[in-house]
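To start, the structure itself, in structure tokens.
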Amino acid sequence: MNYKLSESIYRHLVMGTDMKIPLYNGEWVTGINFDNAASTPPLVSVMEEINRFAPMYSSVHRGTGYKSQYSSQIYEEARSIVLNFVNADPNNDMVIFVKNTTEAINKLSYRLCEDNKKGIVISTWMEHHSNDLPWRNKFQVDYVDVNSQGKLNLTDLENKLIRHKGKVKLVTVTGASNVTGYINPIHKIAELAHRYRAQILVDGAQMVPHTIVNMRPENPLQRIDYLAFSAHKMYAPFGSGVLIGPQETFQKDVSEMVGGGTAEIVTHDWVIWNDPPMKDEAGSPNVIGVVALVAAIKTLSALNMKKIDHYEYQLAEYAYTGLRSIPGITLYTQLSPGEPHIGVIPFNIKGMHHERVGSILSQEAGIAVRTGCFCTQPYIQKLLSISPKQMEYYKKSRNSSRPGVVRISFGLYNNFNEINILLQTLEQIVRHPTMSIS
């Protein structure tokens, strides 16, 4: 395959791609960012739109001035743009703007909690802590296992749904793993959940920026009930996130966070709450963040998410092939022909701690990666075959060096030459493990 055909076609659309950064020896090089699963740099179009909007910025909702009315209109129109981007149901679904995916999932966990931990939520071993910890103090949580390759075991999911006999309230699953890059079959999972009278939440933080997401496929059983994602992972890092779900979910009860904008009438004796989504968006809305998100959505849509997905898969395939050819490198994911995968690859170098590898890459070659467990500690423990007994050691010795992996993650602006530099640097590290930084 001729990878060069697709090289750098999106690079000019992203801020900071040609920025020079200092190395450990004092030289300056063009930085290489392979930490996009954590956050992405802003699109040029996002910055331009923010600058266009800034002179018109004003308070959202309730203001009588022209700028306030304009800002409010932009903010409310954004909900329809978000719904359309993921093909949600405009007649049934509602967009609530939050700070990020973590806040979205926490918000939903409070809203679905009704019966003092008698309800059951099925999560998975793959999940980010943000799609695990919020459920623990409100529900009984069961975890779907993964196989030896780290892929989700759908048979185990169905067995758990059967065993709980219709008591599962929600199946909550990552759309794409921030560790291994595996894309889960969310519509198959939705169908299983719905057949056993459960709803489904998809943590779309890693999925929405990289591939097409369709909340409303033709088969009603395969539709997605709830979706959460963050703007800072899709080239709009200005503190905005999204929770989408059925309107009826948010019409009942009171939000876990109340204050300005959440109430219609207040006395010292009683409160009449606003209708959603306003009662779920306490305080002054982040209209700048929403403007940035909409600009990113428009740009990504114009570029075509299918083409972005294809290009990033080529990057991952090229890097995966190169990494496999380097002796001493262990990979913790698999790219199999025909199976979807986002541009995330975890690995280790035999005999070297993951943090040292990350430091050498940064200080010797200007390559930014992420090391550690990526807020998915149970999943990393599974991938590295770390036993509960071993984890007890780390519980008692909290200052000791902890296990983890090195993660590279691609954005649409990365190119094959950057991967070549990574591979060459890793080859040098493997040949000279004592090289460089002190």
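Because only heavy atoms are used, hydrogens play no part in the values below, and waters and symmetry mates are left out as well, while side chains stay in.
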Worksheet item: Using a distance-only test with no angle check, is there a side-chain donor-acceptor pair under 3.5 angstrom linking Asp142 and His164?
Response: yes
Discussion item. Looking only at side-chain N and O atoms, does Thr172 offer a donor or acceptor that is under 3.5 Å from a partner on Asn131?
Written reply: yes
Worksheet item: Looking at Asp89 and Arg223, does any basic side-chain N land under 4.0 Å from a carboxylate oxygen?
Response: no
Worksheet item: Within the distance-only criterion (no hydrogens, no angle test), does the side chain of Asn51 pair as donor or acceptor with the backbone N or O of Glu48 below 3.5 angstrom?
Response: no
Worksheet item: How about Asn87 and Asn214: does a side-chain donor come under 3.5 Å of a side-chain acceptor?
Response: yes
Worksheet item: Does any N or O in the side chain of Thr102 come within less than 3.5 Å of the main-chain N or O of Ser130, such that one atom is a donor and the other an acceptor?
Response: no
Practice prompt. Could you tell me whether Met56 atom CE has more than 12 heavy atoms of other residues or ligands within 6.0 Å of it?
Written response: yes
Fill in: Test item: Val291 and Phe238 side chains (from C-beta on) under 4.5 Å apart, heavy atoms
no
Worksheet item: Are the charged groups of Lys396 and Glu392 less than 4.0 angstrom apart, N to O?
Response: no
Discussion item. Testing Tyr413, Phe410, Tyr311 one by one against Tyr10 for a ring pair (Phe, Tyr, Trp, His ring centres under 6.0 Å), which residue passes?
Written reply: Tyr311
Item to complete: Keeping the roles fixed (side chain from Lys169, backbone from Ala198), state whether a donor-acceptor pair exists under 3.5 Å.
Response: no
Worksheet entry | Glu256 bridged to Lys138 by N-O distance under 4.0 Å | no
Discussion item. Within the supplied structure, the quantity of interest is the number of heavy atoms (other residues, nucleotides, ligands) at a distance under 6.0 Å from Arg197 CZ; does it exceed 12?
Written reply: no
Worksheet item: Take atom CE in Met305; do more than 12 heavy atoms of anything else shown fall under 6.0 Å from it?
Response: yes
Worksheet entry | Main-chain N/O of Tyr394 paired with Ser397 side-chain donor or acceptor, under 3.5 Å | no
Item to complete: Apply the test side-chain contact (heavy atoms from CB on, under 4.5 Å) to residues Val357 and Thr371: give CA-CA distance (whole Å), side-chain angles for both, the deciding distance (0.1 Å), then the verdict.
Response: CA-CA 8 Å; Val357 175; Thr371 69; 5.9 Å; no
Discussion item. Other residues, nucleotides and ligands only: do more than 12 of their heavy atoms fall within 6.0 Å of NZ on Lys395?
Written reply: no
Discussion item. Looking at Thr174, is its backbone amide N or carbonyl O close enough to the side chain of Asn184 to form a donor-acceptor pair, meaning the two atoms are under 3.5 Å apart?
Written reply: yes
Worksheet item: Judged by modelled atom types alone, do Asp132 and Tyr143 share a side-chain donor-acceptor pair under 3.5 Å?
Response: yes
Worksheet item: Does one side chain, of Lys20 or Thr30, offer a donor that lies under 3.5 Å from an acceptor on the other?
Response: yes
Worksheet item: Counting only heavy atoms not in Met15, do more than 12 fall under 6.0 Å of its CE?
Response: no
Discussion item. Counting C-beta onward and ignoring hydrogens, is there a side-chain heavy-atom pair between Leu227 and Val86 closer than 4.5 Å?
Written reply: yes
Discussion item. Just by distance, no angles: are the side chains of Ser230 and Asn100 close enough, under 3.5 Å, to form a donor-acceptor pair?
Written reply: no
Practice prompt. Take the angle between the ring planes of Tyr57 and Phe53 and call it parallel below 30°, perpendicular above 60°, tilted in between.
Written response: perpendicular
Discussion item. Taking Leu170's backbone N and O only, do any of them form a donor-acceptor pair with Gln199's side chain (distance below 3.5 Å, no angle check)?
Written reply: no
Discussion item. How about CZ on Arg62, more than 12 heavy atoms from neighbouring residues, nucleotides or ligands closer than 6.0 Å, or not?
Written reply: yes
Worksheet item: ring pair (Phe, Tyr, Trp, His ring centres under 6.0 Å): which pairs involve residues 171-201, sequence neighbours left out?
Response: Tyr182-His341
Discussion item. Donor-acceptor check, side chain of Asn84 to backbone of Ser80, threshold 3.5 angstrom: yes or no?
Written reply: no
Worksheet item: Is it true that a side-chain atom of Glu103 and a backbone atom of Lys99 form a donor plus acceptor pair closer than 3.5 Å?
Response: yes
Worksheet item: When you measure from the side chain of Glu281 to the backbone N and O of Phe97, does any donor-acceptor pair fall under 3.5 Å?
Response: yes
Going by atom type alone, with no hydrogens or angles, which donor-acceptor pairs under 3.5 Å involve a side-chain atom of residues 294-303 and a protein atom two or more places apart or on another chain?
from, atom 1, to, atom 2, distance (Å)
Thr299, OG1, Ser45, OG, 2.6
Thr299, OG1, Ala295, O, 3.1
Ser301, OG, Ile297, O, 2.8

Worksheet item: Hey, does the side chain of Thr262 reach the backbone of Gly259 with a donor-acceptor pair shorter than 3.5 angstrom?
Response: yes
Practice prompt. Using the six-membered ring of Trp125, assess whether NZ or CZ of Lys382 lies under 6.0 Å from its centre and within 45 degrees of the ring axis.
Written response: yes
